Amino acid sequence: MLTEKAEDFVKSKLLEYRSELETVLNGGDISQYNYCECAGEIGTYDINSINRLRISLALWYMSDGLDVESLAVALMNEEIKDLENAVYGGTSKTIYLLSYKILGYKKCSYRKLLKRAKKANFDCFFEIDVYYLKKFAVRFRDWHNEDWEYIFEILDDKESLETLKRLNQEKE
């Protein structure tokens, strides 16, 4: 459970992410969220996956009052490309956030996109499931209950991770 100071810090980070989201929605450069394959020691990886996670957090938690549907679909397509090309398969927090956001639009036209996500790799086949996504959504609906240490770790945001840990250890 987050302390009050830690909650305030997380909320300030979410507001930063919303600002980034608003910039993109107002005609900002979306290329930094597109799948971009890069060679690594173990194989290829997507250098923009962290950017997609960050903006997906804004879509999930901070998009009230914003028209984000087309952006969510565009980001979902890019995340699927990443998962289709992932060396070890797996899923991502981003695919969950975007999948459930898209499910919320309740449009039949998105069935193909969700099927493609499910077929992206072996792990996605078992985990990108409507019932699983609904469980995920209930668990992560409230940002106060999120595992922010884990999120800052996968965002490679060491400064925020250390700040959060420090604020969580401080007495109220």
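None of these values were measured; they are calculated from a predicted model. Any value given below was found using the heavy atoms of this structure, including those in side chains, with hydrogens, waters and symmetry copies removed.
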Original post:
Ion pair present between Glu170 and Arg166, side-chain N to carboxylate O less than 4.0 angstrom?
Top reply: yes
Subject >> Nearest non-hydrogen partners of Tyr110 and Glu69, listed with the distance >> reply: OH-OE2, 2.6 Å
Subject >> Audit row: Tyr45, Asn85, side chain to side chain contact (heavy atoms under 4.5 Å, CB included) steps and yes/no >> reply: CA-CA 8 Å; Tyr45 67 97; Asn85 293 294; over 6 Å; no
**OP:** For the pair Trp148 and Phe152, name the ring-plane relationship: parallel under 30°, tilted 30 to 60°, perpendicular over 60°.
**Re:** tilted
Original post:
Tell me, do Ser56 and Glu79 make a side-chain contact under 4.5 Å, heavy atoms counted?
Top reply: no
**OP:** Give the cluster check for Ile80 versus Tyr35: same hydrophobic cluster or not, with ILVMFWY residues linked at side-chain heavy-atom distances below 4.5 Å.
**Re:** no
Subject >> Heavy atoms of other groups near Phe125 CZ, more than 12 under 6.0 Å >> reply: no
Original post:
To the nearest 0.5 Å, what is the distance between CD (Gln169) and CG (Leu164)?
Top reply: 9.5 Å
Original post:
Quick one: which of Ile55, Leu57, Leu53, Ile154 gives a side chain to side chain contact (heavy atoms under 4.5 Å, CB included) with Thr94?
Top reply: Leu53
**OP:** Check for a donor-acceptor pair, side chain of Asn48 on one end and backbone N or O of Asn34 on the other, with a separation under 3.5 Å.
**Re:** yes
Original post:
Which value, rounded to the nearest 0.5 Å, describes the distance between Leu114 atom CG and Asp129 atom CG?
Top reply: 11.0 Å
**OP:** Give a yes or no on whether a salt bridge exists between Asp157 and Arg54, defined as a side-chain N under 4.0 angstrom from a carboxylate O.
**Re:** no
Subject >> Closest non-hydrogen atom pair, Asp46 against Cys36 >> reply: OD1-N, 2.9 Å
**OP:** Measure from the side-chain N and O atoms of Thr3 to the backbone N and O of Leu167, and report whether any donor-acceptor pair falls under 3.5 Å.
**Re:** yes
Original post:
Under a single-linkage definition using a 4.5 Å side-chain heavy-atom cutoff for Ile, Leu, Val, Met, Phe, Trp and Tyr, are Leu97 and Val24 assigned to the same hydrophobic cluster?
Top reply: yes
Subject >> Smallest separation among heavy atoms of Cys124 and Ala117, with atom names >> reply: CB-O, 3.3 Å
**OP:** Give me the ring orientation class for Trp60 and Tyr100: parallel if the planes are under 30° apart, tilted from 30 to 60°, perpendicular past 60°.
**Re:** perpendicular
Subject >> Side chains of Leu59 and Leu98 in contact at under 4.5 Å (non-hydrogen atoms) >> reply: yes
Original post:
For Val73, does its backbone N or O pair with a side-chain atom of Asn77 as donor and acceptor, under 3.5 Å?
Top reply: yes
Original post:
Is a salt bridge present between Arg18 and Glu22, judged by a nitrogen-to-oxygen distance below 4.0 Å?
Top reply: yes
Subject >> Ile151 vs Val10 side-chain heavy atoms within contact, under 4.5 Å >> reply: no
Subject >> Gap separating the NZ atom of Lys81 from the CD atom of Glu78, nearest 0.5 angstrom >> reply: 3.5 Å
**OP:** Kindly say whether Glu84 contributes a backbone atom to a donor-acceptor pair with the side chain of Asn121 at under 3.5 angstrom?
**Re:** no
**OP:** Establish whether Leu103 and Leu83 are linked, either directly or via other cluster members, by ILVMFWY side-chain heavy-atom contacts under 4.5 Å.
**Re:** yes
Subject >> side chain to side chain contact (heavy atoms under 4.5 Å, CB included) assessment of Glu16 paired with Met62 >> reply: CA-CA 10 Å; Glu16 281 179 34; Met62 302 296 283; over 6 Å; no
Subject >> Which atom of Gly90 lies closest to which atom of Asp123, heavy atoms considered >> reply: N-OD2, 2.6 Å
Subject >> Residue pair Met76 / Ile95, side-chain heavy-atom distance below 4.5 Å >> reply: yes
**OP:** With rounding to the nearest 0.5 Å, note down the distance linking NZ in Lys11 to CG in Leu2.
**Re:** 13.5 Å
Original post:
Leu25, Tyr105: one ILVMFWY side-chain cluster at the under-4.5 Å cut-off?
Top reply: yes
**OP:** Check the surroundings of atom NZ in Lys118: do more than 12 heavy atoms from other residues, nucleotides or ligands lie under 6.0 Å from it?
**Re:** yes
Original post:
Would a 4.5 Å heavy-atom cut-off, applied to side chains only, mark Ser92 and Asp82 as touching?
Top reply: no
Original post:
Where do Arg52 and Tyr33 come nearest, in terms of heavy atoms and distance?
Top reply: NH1-O, 2.9 Å
**OP:** Could you pull out the closest heavy-atom pair between Ile102 and Ala72, with the gap in Å?
**Re:** CD1-O, 3.7 Å
